[in-house]
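Quick notes on the structure that follows.
As the structure is a prediction and not an experimental result, all values here were calculated from the model.
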Amino acid sequence: MDKIHEECGVFGIYSPEDRQVAFDIYNGLVALQHRGQESAGISVSDTGGSKGNILTKKGMGLVHEVFGQEDLPGLKGNIGVGHVRYSTAGGSTAENAQPIAMNYIKGCLALVHNGQILDVEEIKKAQMYRGQAHYTTSDTEVLAYEIISERVKTDSIEDAVLHMAEKIRGGFACIVMSPRKLVGFRDPYGIKPLVLGRKGEDYILASESAAVSSVGGAFIRDIKPGEIIVISEQGIKSNESLCGPKQAHCVFEYIYFARSDSVIDGIEVYDARFRAGKALARGSGVEADVVVGVPDSGLIAAEGYAEEADIPFALAFHKNSYIGRSFIKPTDEERRSAVHMKLNVLRHTVKDKRVVLIDDSIVRGTTMRQIVEMLREAGAKEVHVRISSPPFLYPCYYGTDVPNSRQLIASEHSREEIQKAIGADSLYYLRIEDFTAMVGDLPLCAACFNSQYPV
């Protein structure tokens, strides 16, 4: 689908008991599958075993494609990290699948990473100059080398992470596993999400609270922007020395990325999307017979719009969740075919009706044009498109695949031109000022809409 995609999801767990955590990591990654669908991986270690023993399994594909029934029993360990990836930097290759596991003079580590480092080329040059790395292919590998460089000079993995984090800029949420500890850290602006949870005596770090719930755990709190949290046999320690006064949480977590049952930085995602729909209705009302949403993230905003506008809400599409991922189809014709295979219109919902169609975004406009055509072919008299985000105008530099401005239809065309291009009877977007209605006073990064980059 013509959507913006998140780079990845991370998951880590520490159990003080002698048990295998790989099964929980697997289930956590399945819950985070929406954040990355190109590769998956798990690394584990046994805190009671020999120091320096990390087992890793990773590969290209969905979680269930990478891990068969025979794989998880062999990943023995009571501490571990996992990752699902959608590439924005570094390319979609097996070499860039995570976790990145490395051995060094004081031991070993495994790292999983969500986001993007802005000054990564400068860090690479410094690493090559000191002979540490001749060639690195991803931000994650650069971070791992930088932690190792600091670790040989410090007394603990958490000190190495702190010194590394002081050097880098960007949007990121990372989990580092040493053979004895789990360390999570988040960029000082809180652009990328990271949460802490608990399952019995086990502690969990994850991109979303829904992943904690999926393994039977309970959400404790969000990791603070800039916070470094260390989990070991001594319990939990927190270092807030990098926490600053300015925050900028990615608004698209609430619009599209996160699961609707997640809570991110104190905001329930479902409620945020519902309120966005209500705000959209207040700013762009139209006479209509039914409000429908594009599955899945457009549905909640559509419910909010319908309630505010006092227009019936109905389901207009059957979504086939077992069709391949259309956004990685290699040609426009194959993408078009995949959209029709993935979505089928329920004719009785729209026939002879004036339809308000809600979706979370328009990127290039290709998918929306097809969906409008499908509604008209099913008998809709009018199709009024409402988008629960502002127009995309600028690229993202923090690990989200907002393309360059030339590929964003709104950066090259007016609203009226886009309306004509997608074949709609009218088109309106959520306004930036409506974000307050959506998430209250939570400070946001909305640079892809207004070019106000926090870093």
Side-chain angles (χ1 to χ4, degrees), residues 3-9 34-35 88 114-116 118 169-173 186-195 207-210 221-227 242-260 262-280 282-283 297-298 300-301 304 358-363 386-402 405 408 410-411 428-455:
K3 296 290 185 183
I4 298 299
H5 297 283
E6 170 62 302
E7 186 178 46
C8 53
H34 59 286
R35 299 186 74 90
T88 59
N114 171 25
Q116 199 156 323
L118 295 181
R169 300 181 307 116
F172 49 86
R186 191 178 179 191
D187 70 83
Y189 293 91
I191 296 171
K192 296 298 180 183
L194 190 65
V195 304
S207 291
E208 295 184 32
S209 62
R221 65 175 179 88
D222 295 279
I223 303 304
K224 297 176 183 179
E227 181 182 12
L242 298 183
C243 296
K246 183 179 179 181
Q247 297 182 12
H249 306 276
C250 177
V251 67
F252 226 67
E253 293 290 344
Y254 304 100
I255 294 170
Y256 176 65
F257 290 151
R259 274 179 42 161
S260 60
S262 283
V263 179
I264 295 180
D265 291 305
I267 305 293
E268 294 190 16
V269 174
Y270 181 97
D271 291 346
R273 291 176 184 167
F274 190 87
R275 290 191 294 264
K278 291 173 72 71
L280 189 57
R282 290 192 293 270
S297 57
I300 300 170
I358 311 292
D359 202 2
D360 56 77
S361 60
I362 296 179
V363 184
R386 300 292 182 266
I387 304 300
S388 61
S389 68
F392 280 114
L393 299 174
Y394 308 99
C396 175
Y397 302 111
Y398 307 124
T400 302
D401 74 340
V402 180
S405 296
L408 297 169
S411 71
Y428 285 93
Y429 294 86
L430 190 73
R431 303 171 303 173
I432 290 179
E433 52 264 40
D434 291 327
F435 286 160
T436 301
M438 183 171 67
V439 297
D441 60 358
L442 184 74
L444 297 171
C445 174
C448 52
F449 305 128
N450 61 16
S451 77
Q452 296 178 15
Y453 297 96
V455 186

4.5 Å side-chain heavy-atom contact, Pro454 and Cys445: yes
What is the distance from atom CD of Gln247 to atom OH of Tyr189, rounded to the nearest 0.5 Å? 11.0 Å
Please list, chain by chain and in numerical order, all residues satisfying salt bridge (Lys or Arg N to Asp or Glu O under 4.0 Å) with Lys278, sequence neighbours excluded. Glu307, Glu308
Ala301 and Ile358 have their tightest heavy-atom pair at CB-CG2, 3.8 Å
Search all heavy atoms of Pro390 against all heavy atoms of Phe449 and return the closest pair with its distance. O-CE2, 3.3 Å
Those residues that, when tested against Asp222, pass side chain to side chain contact (heavy atoms under 4.5 Å, CB included) (two or more places apart): Arg186, Val195, Phe219, Asp265
Output the distance between atom OH (Tyr428) and atom CG (Leu280), rounded to the nearest 0.5 Å. 11.0 Å
Smallest separation among heavy atoms of Glu208 and Ala258, with atom names: OE2-CA, 3.3 Å
Minimum heavy-atom separation for Asn114 to Pro193, with atom names? ND2-CD, 4.4 Å
Starting at CD1 of Ile362, measure out to CD1 of Ile387 and round the result to the nearest 0.5 Å. 4.0 Å
Gap separating the SG atom of Cys250 from the CG atom of Asp187, nearest 0.5 angstrom: 10.5 Å
Nearest 0.5 Å please: distance from the CD1 atom of Ile191 over to the CG atom of Leu444. 11.5 Å
Just wondering, do Phe435 and Leu430 contact through their side chains at under 4.5 Å, heavy atoms? yes
Identify the heavy atoms of Gly9 and Ser207 that sit nearest to each other, and give their distance. CA-OG, 3.5 Å
Residues in side chain to side chain donor-acceptor pair (under 3.5 Å) with Arg169, at least two apart? none
Tightest non-hydrogen contact, residues Phe392 and Cys448, listed as CE2-SG, 3.6 Å
Where the side chain of Tyr398 meets the backbone of Val455, is there a donor-acceptor pair that is under 3.5 Å apart? yes
Within 6.0 angstrom of Tyr270 OH, more than 12 heavy atoms from elsewhere: yes
What's the separation between atom OG in Ser361 and atom OH in Tyr256, rounded to the nearest 0.5 Å? 7.0 Å
Tell me, please, which residues at least two apart from Ser389 pass side chain to side chain donor-acceptor pair (under 3.5 Å). none
Side-chain contact, heavy-atom cut-off 4.5 Å: Leu408 with Leu393? no
Once side chain to side chain donor-acceptor pair (under 3.5 Å) is applied, do any residues pair with Arg431, and if so which ones, sequence neighbours excluded? Asp434
Quick one: sort the Phe252 and Phe257 rings into parallel, tilted or perpendicular, breaks at 30° and 60°. perpendicular
With a 4.0 Å cut-off on N to O distance, would you call Glu268 and Arg273 a salt bridge? no
Quick one: side-chain hydrogen bond (donor to acceptor under 3.5 Å, both in side chains) pairs with a partner in residues 436-454, sequence neighbours left out? none
I'd like to know if the side chain of Ser388 pairs up with that of Asp360 as donor and acceptor (distance under 3.5 Å, no hydrogens or angles considered). no
Side chain to side chain donor-acceptor pair (under 3.5 Å) partners for Arg386, two or more places apart: Ser284, Ser426
Between Glu253 and Arg35, is there a side-chain N and carboxylate O pair less than 4.0 Å apart? yes
My understanding is that only residues two or more places apart in sequence, or in another chain, count here; which of them pass side chain to side chain contact (heavy atoms under 4.5 Å, CB included) with Ala272? Tyr254, Ile267, Arg275, Met438, Val439
I'd like to know if the side chain of His249 reaches the main chain of Gly190, judged simply by a donor and an acceptor atom lying under 3.5 Å from each other, with no hydrogens or angles considered. yes
